[in-house]
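Structure, as structure tokens:
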Amino acid sequence: MGSDDIKTRFAPSPTGFLHVGGARTALFNWLFARRHGGKFVLRIEDTDQVRSTTQSAAGILQDMLWLGLNWDEGPVVGGGKNQYFQSMRLAIYQPYLEQLIREDRAYEAFETPQQLAAMRAESEKRKTPFRYRRNMPGRAKKGEGPVVIRLEMPWEEIRFQDNILGEIRVAGVEHDDIVIRKSDGFPTYHFAVVIDDHDMGITHVLRAQEHLMNTPKHLALYAALNWRPPLYAHLPLVFNMDNSKMSKRDKTKAARAALQLYARQRQDPTFAQLAVRCGLPAGVIADFVARKTEDSTLAGKLAEALDVELPEIDVQDFRHSGYLSDALVNFIALIGWSPGQNREFLTRREMIDLFSLENIGKTSGRFDRKKLHWMNGEYIRRSRLQELVAAVESFSQVTDYPIKQADEPTLRVLLAMYQERMATLAEMARNSTFFFCTPRYDQAAVKKYIQTGDGQAILERILELLKPITPWDKELLSPVLERILAMGEKRGAAAQVLRVAVSGGAVSPPLLEMLALLGRDTTLSRIQQALGMFAPVEKTTDSQPWKRDKME
RNA sequence: GCCCUCAUCGUCUAGAGGCCUAGGACACGGGCUUUUCACGCCUGUAACUGGGGUUCGAAUCCCCAUGAGGGCACCA
């Protein structure tokens with residue numbers, strides 16, 4: 001087989017958003033195909049009529065494109081016919097089903113789900129594993145229940161060569177006659193993958209290790225149909241840092257924890273106050289906390305109202321959090337794969353050139369958010385301004401920060417300011433709001449720098465120094481700033497007073513750039529405003545520290 | 001419970017019998033730089049799961065134990 005015949009696929013089921021784990025599987029398949037000059041197919045496995053949705057499918061396509069994982073065959077590019085959705089391929093499966101029955105490799109079964117559950121419970125009681133087999137006693141008779149079709153699995157050991165794990169063997173007694181057509185007439189996943197992979201000419205299947213035990217089933221199907229199976233490679237899994245499985249559940253879990261903390265701290269056990277604040281019925285929130293609902297969109301809204309961040313799980317989450325797709329792809333590629341030579345930063349092109357099944361490891365990995373965060377910051381620092389402008393534009397499409405309104409020249413100035421002090425675009429978006437809106441003053445910072453000692457006096461002095469500057473540009477600002485830095489006993493102390501007055505907090509980009517962008521009017525009026533708002537008052541007023549509003 | 005797989009710093013990994021007193025990166029600690037915060041630079045702590053073999057020699061090969069994970073659906 002010539003290497004240009006290589007064809008891989010990614011076959012997500014459209015039952016939610018594209019998960020990072022899925023994205024990694026997609027990436028490895030994409031890399032493998034590109035490495036060998038082959039084709040990469042995207043196929044939507046929507047044989048679960050209950051859980052599949054078209055919005056989900058659309059979202060997955062969008063995420064794939066955002067990640068830069070283009071497909072050679074699949075929805076939209078697949079020739080206009082919807083032949084890459086399994087639900088549209090029902091007619092294709094039918095003849096093979098008939099063939100298997102005709103050849104007596106498959107047979108009908110009539111148990112109801114309840115009966116099957118009872119049989120399993122019975123086996124469990126006897127502490128023997130349940131296997132549905134054609135010759136087993138007590139099978140339901142025709143007409144007794146819904147009709148499914150099962151494949152008669154072989155009775156001998158099945159062994160195969162996995163391209164990552166090596167030889168895998170499963171004894172004959174372990175096999176279970178799998179359902180290949182459900183009672184609703186739809187093929188099961190097992191049947192549809194085999195037919196589709198064969199039909200589409202897939203040569204290599206790289207999939208998560210959770211599919212390892214499905215492989216004998218698929219192999220049996222290939223054998224029954226007399227087809228040559230593809231080559232398999234099972235990828236190591238990715239978990240959370242605490243070794244739990246990464247799932248959407250992590251988001252609802254984190255949201256619930258935040259809500260419980262909130263209820264305790266704010267003494268709002270019925271969430272009445274919170275309900276008002278975020279415009280949701282208190283009952284909905286209470287149900288959510290009581291685990292009656294498992295809605296991650298709701299979790300997101302609540303987290304926003306509480307100003308907490310939920311762990312990112314889906315590709316979209318990372319996009320919302322301001323991660324660059326290049327960084328995410330790079331990071332994900334490194335879990336379970338190593339290009340060697342201590343290399344870490346790779347473009348897609350470099351990954352393609354270095355990719356090989358040989359340097360995929362066998363051990364499962366953990367998703368270290370801190371490292372991704374660092375790597376994203378590194379990508380931002382290494383980017384050119386123009387690339388960052390594009391990234392912010394993409395980011396703004398899915399988020400709603402004031403930075404959205406910035407025109408390109410402003411954006412470039414902001415980007416230059418924040419490039420070295422942000423790790424995600426969201427950090428810049430959040431921290432730069434004071435450029436667009438009246439700052440929310442951090443009371444602790446105000447107290448520490450303005451309402452203290454000669455803070456007021458210093459601020460007045462600063463105002464006087466700044467007032468006469470025209471034109472308001474860096475050249476003229478710079479020497480004045482130098483004088484401000486020299487004020488007071490401790491060099492730089494006055495800078496903090498100015499910083500807080502203008503930005504609202506004790507942390508901001510360097511004053512020179514910041515003041516230049518803010519402009520003369522805004523700067524002066526904010527100082528004046530601060531002077532008025534934070535006039536020295538008697539100590540007694542700050543007796544309600546819990547009411548301090550939080551900056552950020 | 002049964003079946004399958006895996007096992008190097010806290011984390012991602014390098015290591016394909018001698019190059020290993022185990023390398024890199026994140027995180028963490030210390031220091032320098034500094035108008036805040038970052039960035040940057042220097043530097044430190046930290047690992048071959050345990051036990052048996054094989055071999056002149058094992059992180060690397062074999063076996064057992066232990067641990068971790070996956071699978072046991074008319075879900076994919």
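Reminder, nothing fancy here: chain letters follow the sequence lines and each chain counts from 1.
- Comparing B:rU21 with B:rA47, their C1' atoms are spaced 14 Å from each other, to the whole Å.
- In summary, the side chains of A:Tyr189 and A:Asn214 do not present any donor paired with an acceptor at a separation below 3.5 Å, with no hydrogens or angles considered.
- If you check every strand for non-hydrogen atoms under 4.0 Å, A:Gln341 touches nothing.
- At B:rC37, none of the side-chain N or O atoms of A:Arg430 fall inside 4.0 Å of OP1 or OP2 (strictly under the cut-off).
- Checked by distance alone, A:Lys362 brings no side-chain donor or acceptor within 3.5 Å of a matching partner on the base of B:rA7.
- Applying the 4.0 Å criterion to OP1 and OP2 of B:rU13, one finds that A:Lys371 has every side-chain N and O outside that range.
- Annotation: A:Trp374 is not in aromatic contact with A:Tyr323 [ring centroid separation under 6.0 Å not met].
- Across B:rC12 and B:rG31, the matching P atoms stand 30 Å from one another, rounded to whole Å.
- Checked for salt-bridge contact, A:Arg343 and A:Glu350 meet the test: a charged N lies under 4.0 Å from a carboxylate O.
- Remark: A:Lys245 engages A:Glu210 in a salt bridge (Lys or Arg N to Asp or Glu O under 4.0 Å) (not counting sequence neighbours).
- Contact check, A:Lys182 against B:rA76: a side-chain N or O comes under 4.0 Å of OP1 or OP2.
- Relative to the side chain of A:Leu165, the nucleotides B:rC6, B:rA14, B:rU36 differ in distance, and B:rC6 lies closest.
- Close to B:rC74, at under 4.0 Å from its OP1 or OP2, lies a side-chain N or O of A:Arg150.
- For A:Thr188, there are no side-chain hydrogen bond (donor to acceptor under 3.5 Å, both in side chains) partners at least two apart in sequence or on another chain.
- Taking atom C1' in both B:rA59 and B:rC3, one finds a spacing of 29 Å when rounded to whole Å.
- Residue A:Arg343 has no polar side-chain atom (N or O) positioned under 4.0 Å from OP1 or OP2 of B:rG24.
- Rounded to whole Å, the P atom of B:rU45 lies 22 Å from the corresponding atom of B:rU8.
- Taking 4.0 angstrom as the limit, A:Arg381 places a side-chain polar atom (N or O) nearer than this to OP1 or OP2 of B:rG40.
- Between atom OH of residue A:Tyr132 and atom CZ of residue A:Arg120 there is a gap of 10.5 Å, rounded to the nearest 0.5 Å.
- For the C1' atoms, the distance linking B:rU11 with B:rA46 amounts to 12 Å, nearest Å.
- Considering only the side chain of A:Met241, B:rU11 comes nearest among B:rU5, B:rU11, B:rU35.
- You'll find a donor-acceptor pair under 3.5 Å spanning the side chain of A:Arg421 and the base of B:rC37, going by distance alone.
- Among the nucleotides B:rC12, B:rA27, B:rC4, the one closest to the side chain of A:Leu334 is B:rC12.
- Under 4.0 angstrom from either OP1 or OP2 of B:rC75 there lies no side-chain N or O belonging to A:Arg51.
- In this structure, A:Glu378 reaches the sugar-phosphate backbone alone: every heavy-atom distance under 4.0 Å involves primed, P, OP1 or OP2 atoms, never a base.
- You'll find a donor-acceptor pair under 3.5 Å spanning the side chain of A:Ser183 and the base of B:rC74, going by distance alone.
- Between A:Arg43 and A:Glu45 a salt bridge is recorded (basic side-chain N to carboxylate O distance below 4.0 Å).
- Nearest to the side-chain atoms of A:Phe239 among the listed nucleotides B:rU5, B:rC72, B:rG70 stands B:rG70.
- Using a 4.0 Å heavy-atom cutoff across all strands shown, A:Gly361 reaches no nucleic acid atom at all.
- Nearest to the side-chain atoms of A:Val179 among the listed nucleotides B:rC74, B:rA25, B:rG70 stands B:rC74.
- Look at B:rA65: its Watson-Crick or wobble partner, with both distances under 3.5 angstrom, is B:rU49.
- Nearest nucleotide to the side chain of A:Asp368, out of B:rC26, B:rC4, B:rU13: B:rC26.
- B:rC62 sits 13 Å from B:rU5 when the P atoms are compared, rounded to a whole Å.
- If A:Ala171 and A:His211 are placed on RNA chain B by their nearest nucleotide, the residue sitting closer to the 5' end is A:Ala171.
- For B:rC12, the OP1/OP2 oxygens have no side-chain nitrogen or oxygen of A:Ser338 closer than 4.0 Å.
- The side chain of A:Glu210 approaches B:rG70 more closely than any other nucleotide in the set B:rG70, B:rC12, B:rC39.
- Taking the six-membered ring where the residue is Trp, the centroids of A:Tyr401 and A:Phe436 are separated by 6.0 Å or more.
- For the pair A:Arg24 and A:Asn243, nearest-nucleotide mapping onto RNA chain B gives the more 5' position to A:Arg24.
- The side chain of A:Leu212 lies closest to B:rU5 when the candidates are B:rC74, B:rA38, B:rU5.
- Listed nucleotides: B:rC74, B:rA25, B:rU13. Nearest to the side chain of A:Pro113: B:rC74.
- Nucleotide B:rG40 is matched to B:rC32 when pairs are restricted to Watson-Crick or G-U wobble geometry with both distances under 3.5 angstrom.
- Base pairing of B:rG1: its partner is B:rC72, meeting the Watson-Crick or G-U wobble criterion (both donor-acceptor distances under 3.5 Å).
- Backbone-only engagement by A:Thr47 is indicated by non-hydrogen atom pairs under 4.0 Å involving sugar-phosphate atoms exclusively.
- Atom P of B:rC2 sits at a distance of 43 Å from the matching atom of B:rC28, rounded to the whole Å.
- Only the C1' atoms considered, B:rC64 is 15 Å distant from B:rA7, to the nearest whole Å.
- Side-chain N/O atoms of A:Arg491 and base N/O atoms of B:rU35 include no donor-acceptor pair closer than 3.5 Å.
- B:rU54 makes up no base pair with any nucleotide shown, lacking Watson-Crick or G-U wobble contacts both under 3.5 Å.
- Among the atoms of the strands shown, none is found under 4.0 Å from any heavy atom of A:Ile178.
- Listed nucleotides: B:rU13, B:rA27, B:rG70. Nearest to the side chain of A:Lys370: B:rA27.
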